[in-house]
Amino acid sequence: MSIFGEVPQAAPVAVFKLSADFREDQHPNKVNLGVGAYRTDECQPWVLPVVRKVEKMIADDHSLNHEYLPILGLPEFRSSASKIALGEDSPAIKDNRVGAVQCLGGTGALKIGAEFLRRWYNGTDNTKTPIYVSAPTWENHNAVFSNAGFEDIRPYKYWDAGKRGLDLTGFLGDLESAPDHSIFVLHACAHNPTGTDPTQDQWKQIADVMKRKNLFAFFDSAYQGFASGNLEKDAWAIRYFVSQGFELFCAQSFSKNFGLYNERVGNLTVVAKDQDNLNRVLSQMEKIVRITWSNPPSQGARLVAITLNTPELFAEWKDNVKTMADRVLLMRAQLKEKLKALGTPGTWEHITEQIGMFSFTGLNPKQVEYMIKEKHIYLMASGRINMCGLTSKNIDYVAESIHEAVTTVQ
Amino acid sequence: MTSCYVENDSVASISLSELSSSSSVSDRACVHWGCVLSGSENTAVFQAENDLLENQFFIKTICLSEEAGDEMHIVSVCDGVGASKPLPIASLRHCMPMISFPGLELIPPVTFKLCSGKGPVFISAQHITLNPIEMTEGEEDEDEDVFISSEMKLTEDFKRDTHPNKVNLAGREYVGEHGHTTWLPLVRKIKQQIATDPTLFPEYPPILGIPEFTQRATELALGKDSPAIVESRVFGIQTVGSTGAVRLGAELLRSWYCSSSSWSGPILLSSPCDDSLTGTFKAAGIEDVQHYRYWDAESNDVCVENMVHDLENAPERCVVVLFASGHHPTGAELSQEDWKRVAEVMMKRQLFPFFLMSAQGLCSGSLEQDAWAVRHCVSLGLELLCAQSFSYSFGLYGERVGHLLCVLKQNMLAVQSQAEKLVQTLWSCPPMEGARVVATILSNPAHLVEWQESVKGIAEHCMLIRERLRERLRLLGGPGRWDHITKPGGLYCCFGLNAQQVEFLIKRKHIYLLPHGCLNVSAINSRNLDYVAEAIHQAMHSQL
């Protein structure tokens, strides 16, 4: 009799199951609009040219050793990554009150941030501090904070299905009614899964309430550069909050904007009131890292650090990022045009108003099922599609299929 | 006749190259000391009043008086450490009446003897008293600090230490003779291949890692023809180093052990053990951490009797953390007969083994031998977890290549699915680079042979250092058996020193080592062997 004999089967993660089903499907016209990774117009993953270049540089560099990185990570990675988020000339950086922890992707950064907050925020070991995540949000947010020990994870209103946009009133309402010192997980840009971001004015309103109620801002920034094609624009919200004097965390992922999904490159940027506070926070985070993964992996961090710190490579990278962002924008524009041309009922402005990799089409579960079963087009039950899955070759088929789904399935 | 010249000099006016520049010494007082030796009184002794840690004694000059005769004068000295036979340090005549010492430190009590000649001979020295070293306060507390901070603090202190002879024996990595971590030319070659491979695409890897890696790692640990593999009762998870494997295993146990939704222990760790190990289990929510006796200070070895006794008396069904080989930090090993006894008790009391195997092949030179304990338990039908590291055997520390092996009786798919969920809350999916390198090497027969040779080379290098260290210590003449140095293989070795002796080595000799005098032998090389051996000898034989 096994000790683990009664362990129940866990439900598979929806997005991976979707990919698995897609792989097994033999239909010639099948399209995968599920997974959250960039694809070229040939529907292939894309190694950024600058990444190829730097990878080779690293492999040929005989002076590099393979020792453990410091527990907090590669210093040149941490500082350059934080600069990307906050801006080279950020006053907070000048004041020496910005630090960072290299982590295992965006997930790892959320994990370390969550573990720290659970131990040291709002008293000690206060697991009852409410964590607010957007409704809807990336499904893993819930699991990371809950596993870190937080007992009270709540949704805040975000997506208005009726008007297919941001429910600002609801959002502000939930901010007002949240207990003081609650933690809010904010998507820095390119909200996953809705693709709908607050405008600058709306961010100002959000920041106002958060300041007044001493709510903690924990930014999740997985798409900087990828959303608009412009690094500064995609980091506006974070920088605004910093300028308003917030202490905050920002979990950065370089999976998408460097195409480094498999090397797990993340950074937890910490903005504190002053250097003394920062140092104490980092010292505690170091202890948390030590008993989680001990030291972070070197490959991806080296690659990013070299790229960000070398002017020509940095320029080339920004260019590569713009290439990806531009293709997504093109697909958005074309999909909208085709749906309008087909006369598909409903409004489709949201496709170009939304930003980043994902779009909440507005298709209901029945329509989604139709798309999958009848048309072999795989998308999430929520109606979320990955724009990167669209190509010049399949966009007509997808547009027609959406038209059919909307007109024939209620 | 001795006379004492007392002055209150500030330290700033003295240049003493031997003085520690550690920032933890808070303040010093320096006092001159002198004596006169002659035919009638040919012996003088300097005694420190306090504990050794607070005193430093430096001979400065020995000088022949003008009034002395024309014969050869010889002054010899013996100090508080070891050799009872006095050592001549000055031979003086009128043509060369004085000798200066730039900073010769002796350990009190120091005895000067005029062996030849009638003197008078003047001896001057400096006696420096150091205020007791204060423990630096950590900003938050206390319980968590204690078990995590010692290794990290040692590393920080070592980095800050500017002493020319400093040696770090507390590190985790294997370093070669040149003092740096080594790696296989093969590894570099494979990395270059990977960097230019057009078929490799950047995608999210499987949550549990790449199958090519987990399969090889599993086979390495259990042997290709292991019953568990043949019967499909085993799965592996690629993790972020062995710390990641331990953390994941701990989370799995916490969530699912004994049909519990929140199992919090007890878990038994060896005494002593890596201080971060306790922290890792506690962070996963396993609060009840206890210890079984492993290292025995009397015999400088494992005491199986004690260990078995503690396991016999452990609560039924608790989890026991065992080092298959390469125990950290002592290096002490169990024989195969010992393991058989341990496994028997585990079965009898239904204890669950959680093996740690971070350096398979590096301890004995044989992959099979170093994994024997795990394979034996599997052959008995036990369920177990095993956390493996590929840092040491591939020199891939920075890449964080670890593996959690799970051997079960049934219900494998369900446990796998739950493990996936846990991984997603930790790091989502593991980093690819290092695992790809390992998988490539382990899958290719020619690479495999080359790699095995290098692993054996590391094991042999460590054994060689151990033998040289033992020889040195034997020559320095201390009593004692030195088997504990050469009996086990691998990186670590334990001298069974007490806290004062360890502190002496760190603060006075700038040799950084772990509690109980555990150290990483690979950091000892031909350049520092003498210094280290002498320091250990001093620590063990002076009045501390």
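Protein chains get the first letters and strands the later ones, always in sequence-line order, with residue 1 at the start of each.
- Ranked by heavy-atom pairs under 4.5 Å with chain A, the first of A283(B), C429(B), G241(B), G395(B) is C429(B).
- Judged by distance alone, with hydrogens and angles left aside, the side-chain atoms of S522(B) form a donor-acceptor pair with the main-chain N or O of V175(B) at under 3.5 Å.
- Between F258(A) and F254(A), the ring planes are perpendicular. Angles over 60° get that label, and only those under 30° would be called parallel.
- Contacts between Q416(B) and chain A at a heavy-atom distance below 4.5 Å are absent for every atom of the residue.
- Contact of T239(B) with chain A is not made at all, since no heavy-atom distance falls under 4.5 Å.
- Looking at F394(B), neither its backbone nor its side chain comes within 4.5 Å of chain A, counting heavy atoms on both sides.
- Between the side chain of D274(B) and the backbone N or O of H328(B), no donor-acceptor pair lies under 3.5 Å.
- When heavy atoms are compared at a cutoff of 4.5 Å, N140(A) approaches chain B solely by way of its side chain, counted from C-beta outward.
- Side chains of Q252(A) and S221(A): no donor on one and acceptor on the other come within 3.5 Å.
- Annotation: maximal heavy-atom pairing with chain A below 4.5 Å, among P205(B), S428(B), G244(B), occurs at S428(B).
- When each of G108(A), P297(A), G36(A) is checked for heavy-atom pairs under 4.5 Å with chain B, P297(A) comes out on top.
- Sorted by first and then second residue, the pairs that involve residues 182-194 of chain B and meet salt bridge (charged side-chain N to carboxylate O under 4.0 Å, His left out), not counting sequence neighbours, are K191(B)-E399(B), K191(B)-E433(B).
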Indicate every side-chain donor-acceptor pair of residues 15-22 of chain A with a distance under 3.5 Å to a residue at least two apart or in another chain.
unit_1	atom_1	unit_2	atom_2	d
K17(A)	NZ	D21(A)	OD1	3.4
K17(A)	NZ	D21(A)	OD2	2.9
S19(A)	OG	V15(A)	O	3.4

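- With a threshold of 4.5 angstrom between heavy atoms, K256(A) approaches chain B through side-chain atoms but not through N, CA, C or O.
- For P430(B), the part sitting under 4.5 Å from any heavy atom of chain A is the backbone (N, CA, C, O) and nothing else.
- In this structure, chain A has a heavy atom under 4.5 Å from the backbone of L200(B), while its side chain stays farther away.
- Counting only N and O atoms by type, the side chains of N65(A) and H180(B) include no donor and acceptor under 3.5 Å apart.
- Using a cut-off of 4.0 Å between Lys/Arg side-chain N and Asp/Glu carboxylate O, E203(B) and R39(A) are scored as salt-bridged.
- For R233(B), no part lies under 4.5 angstrom from a heavy atom of chain A.
- A cation-pi arrangement is found for R172(B) relative to Y68(A), the charged atom lying closer than 6.0 Å to the ring centre and inside a 45° cone about the ring normal.
- With a 4.5 angstrom heavy-atom cutoff, L277(B) does not touch chain A via any of its atoms.
- Not less than 6.0 angstrom separates the ring centroid of F218(A) from the ring centroid of Y121(A).
- The backbone N or O of I194(B) sits nowhere less than 3.5 Å from a side-chain atom of R436(B) that would complete a donor-acceptor pair.
- Only the side chain of L408(B) comes within less than 4.5 Å of a heavy atom in chain A; its backbone stays farther off.
- Not one N or O on the side chain of N257(A) forms a donor-acceptor pair closer than 3.5 Å with the backbone of F226(A).
- Among H62(A), E115(A), K111(A), the residue making the largest number of heavy-atom pairs under 4.5 Å with chain B is H62(A).
- With a 4.5 Å cut-off on non-hydrogen atoms, L64(A) touches chain B through its backbone but not through its side chain.
- Neither the backbone nor the side chain of P12(A) comes within contact range of chain B; no heavy atom of the residue lies under 4.5 Å from a heavy atom of that chain.
- Only the side chain of S255(A) comes within contact range of chain B, judged by heavy atoms closer than 4.5 Å.
- For chain B, the nearby part of V13(A) is the side chain; its heavy atoms alone come within less than 4.5 Å.
- When each of R302(A), E55(A), R52(A), Q44(A) is checked for heavy-atom pairs under 4.5 Å with chain B, R52(A) comes out on top.
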